[in-house]
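Take a look at the structure set out below.
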Amino acid sequence: MYPKRLALLALSTALALPGLAIAAPGNGNAFGRKPVTTTTTTSTSSTTSTTRTTTTTTTTTSTSSSTTSSTTSSTTSTSTTSSTTTIPTCLDGSGPLITLTGTWATSYDNRALLDLTRLDARQATFLPSPTDLYPLNLAGGSGTCVSGGVELGQYDRSLTWDQMHTMNNAGVRFENAGVTVENVRIDDVADGIRPVAGPFVIRGTWLSYVRDDCVENDHVQPGLIDDSLFDGCYVGISERPSLAIITSGYDGRNDLLTVRQSLIRLQPMPGPRGGLPTDFGNGQFFKWSDLATHLELDDNVFLAEQVGEGGASTMGIPSSLVGCSNNVMVWLGQGPYPAPLPACFTVTTDRSVWDAAVATWKLRHGVVP
């Protein structure tokens, strides 16, 4: 039903990346592959391996009897073998490698990437600002890997939605197909990640204080958002094309966006759209249109503190939902959740559900408290 879905799922499977290390802004920019110790315990009947650090004991009891007494003795022994493995990333591909290091106050703008280029930004820090609107702005060949990097926005955090939106900025923007963005840390920008082409994969990313859309998919491209923490969005995901985009012929109705094993929190921010500069407000989880993609939601946790500026009706799930399982909505506002949710959602008013999910995500990604 969705022509690009098979290619996207194949890309996703090839780049399955649980357990990758991500550092918070205050902890430097040690992004990328994290060595994982694998403990293997061997007995006479089986061998058990795991990709996480575990302690497993195999107990063997031997019994001996003496002909001169009735005493029975038991001996316990443990056999443990340890090995270290490394979880793969898209950097393990075979395409051209570009390594970015140091601090960037100006944009890395490359519109001539070769196919399968690997962009290693694990040791790079970018400073988005009013004079650096697109710290990573990419185009060219397909299959680009963008791995790691910290973006620390230099925008005044008290700017209103309109002031940030007028500057029209984004942490990562790309125009090439088949891009994977993994393990990027972005804070204080208008839009977090802006795909212009697809299919795309966003995995292991940590976004915070995103003043408009955490993912602006207004070109309605097929994609996968996997194992990501969006801890502070004005809008979660946008698929509302502008008139110019519509006129250019973009139409996502035959494509699919999947969001799985991710956390998305709406954060009230100063000067919301249509509000006063002294107001604090947020938008909605999904800003959708009639040309948007089909949507699948699996194993996600959402949090909202209040109704979005667009009203209660905007707080629901798009009608283009085609697959859904095991999602949790944490609601901290007044009364019941303001919009109907499908049966694949459980609603709770317990903030600790969100906090525990965030703590688990950070632990899994090697974030130092």
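Note that the structure is predicted; figures quoted are calculated from it, not measured.
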**Asked** Do F230 and I317 share a hydrophobic cluster, counting only Ile, Leu, Val, Met, Phe, Trp and Tyr and linking them when any side-chain heavy atoms are less than 4.5 Å apart?
**Response** yes
**Request:** Would you please classify the geometry between the W161 ring and the H165 ring as parallel, tilted or perpendicular, with 30° and 60° separating the classes?
**Result:** parallel
**Prompt:** In the single-linkage hydrophobic clustering (I, L, V, M, F, W, Y; side-chain heavy atoms under 4.5 Å), do L297 and Y337 co-cluster?
**Reply:** yes
**Message:** Tell me if a side-chain donor or acceptor on D115 pairs with a main-chain N or O of T117 at a distance below 3.5 Å.
**Reply:** no
**Prompt:** Is the shortest distance from a Lys or Arg side-chain nitrogen in R260 or E296 to a carboxylate oxygen in the other one below 4.0 Å?
**Reply:** no
**Asked** Under the side chain to side chain contact (heavy atoms under 4.5 Å, CB included) criterion, do R203 and V181 qualify, and how do the steps go?
**Response** CA-CA 6 Å; R203 192 191 307 275; V181 178; over 6 Å; no
**Item:** Side-chain donor/acceptor of D92 to backbone N/O of T89, under 3.5 Å
**Value:** yes
**Prompt:** Does a donor on one side chain sit under 3.5 Å from an acceptor on the other, for S325 and D298?
**Reply:** yes
**Message:** For the backbone of G140 and the side chain of E175, can you confirm whether one donor and one acceptor N or O come within less than 3.5 Å of each other?
**Reply:** no
**Prompt:** Do Y234 and R273 meet the criterion of a side-chain donor-acceptor pair at a distance under 3.5 Å?
**Reply:** no
**Prompt:** Does the side chain of T205 come under 3.5 Å of the side chain of E182 through a donor N or O and an acceptor N or O?
**Reply:** no
**Asked** Just checking, is any N or O donor in the side chain of S208 or D187 under 3.5 Å from an acceptor N or O on the other one?
**Response** yes
**Request:** Please lay out, stage by stage, how F200 and F174 fare under the test side chain to side chain contact (heavy atoms under 4.5 Å, CB included).
**Result:** CA-CA 10 Å; F200 62 86; F174 54 87; 3.7 Å; yes
**Request:** For the pair R111 and D109, evaluate salt bridge (charged side-chain N to carboxylate O under 4.0 Å, His left out) and give the outcome as yes or no after the intermediate values.
**Result:** CA-CA 7 Å; R111 311 296 182 88; D109 191 315; 2.8 Å; yes
**Request:** Show your working on side-chain hydrogen bond (donor to acceptor under 3.5 Å, both in side chains) between T106 and D132 and close with a plain yes or no.
**Result:** CA-CA 5 Å; T106 57; D132 181 14; over 6 Å; no
**Modelled atom types, side-chain donor and acceptor of S289 and E239, under 3.5 Å** = no
**Charged N-O contact under 4.0 Å between E216 and R194** = yes
**Asked** Parallel under 30°, tilted from 30 to 60°, perpendicular over 60°: which one fits the rings of H219 and Y250?
**Response** perpendicular
**Message:** Under a 3.5 Å distance rule, please check whether N110 uses its side chain to pair with a backbone N or O of A112 as donor and acceptor.
**Reply:** yes
**Prompt:** Are S158 and D156 linked by a side-chain donor-acceptor pair shorter than 3.5 Å?
**Reply:** yes
**Message:** If you count every heavy atom of other residues, nucleotides or ligands that lies below 6.0 Å from N168 atom CG, does the total exceed 12?
**Reply:** yes
**Message:** Does this structure show an ion pair linking D227 with R364, if we count only N-O contacts that are shorter than 4.0 Å?
**Reply:** yes
**Message:** Is it the case that the side chain of S352 and the backbone of D355 share a donor-acceptor pair, with hydrogens and angles ignored and the cut-off at 3.5 Å?
**Reply:** no
**Asked** Do the ring planes of H365 and W361 sit parallel (below 30°), tilted (30 to 60°) or perpendicular (above 60°)?
**Response** parallel
**Item:** N/O donor-acceptor pair under 3.5 Å between T346 side chain and V328 backbone
**Value:** no
**S228 side-chain N/O to D226 backbone N/O, donor-acceptor pair under 3.5 Å** = yes
**Asked** Within the side chain of N282, is there an N or O that forms a donor-acceptor pair under 3.5 Å with the backbone of L266?
**Response** no
**Asked** Have S142 and N176 got a donor and an acceptor in their side chains that come within less than 3.5 Å?
**Response** no
**Asked** Do side-chain atoms of H294 reach the backbone of R253 as a donor and acceptor pair under 3.5 angstrom?
**Response** yes
For residues 301-314, tabulate all N or O donor-acceptor pairs below 3.5 Å that involve a side-chain atom, not counting sequence neighbours.
from : atom 1 : to   : atom 2 : distance (Å)
Q306 : NE2    : F280 : O      : 3.2
T314 : OG1    : G311 : O      : 2.7

**Prompt:** Shared ILVMFWY cluster between V358 and L332, side chains joined below 4.5 angstrom?
**Reply:** yes
**Request:** Indicate yes or no for a side-chain donor-acceptor contact from Y134 to the backbone of P128 under 3.5 Å, with no hydrogens or angles considered.
**Result:** no
**Prompt:** Is a side-chain donor-acceptor pair under 3.5 Å present for W288 with S320?
**Reply:** yes
**Item:** Carboxylate-amine/guanidinium proximity below 4.0 Å for D231 and R265
**Value:** yes
**Message:** Please tell me whether Y209 and Y155 are part of a single hydrophobic cluster in this structure, the criterion being side-chain heavy atoms less than 4.5 Å apart.
**Reply:** no
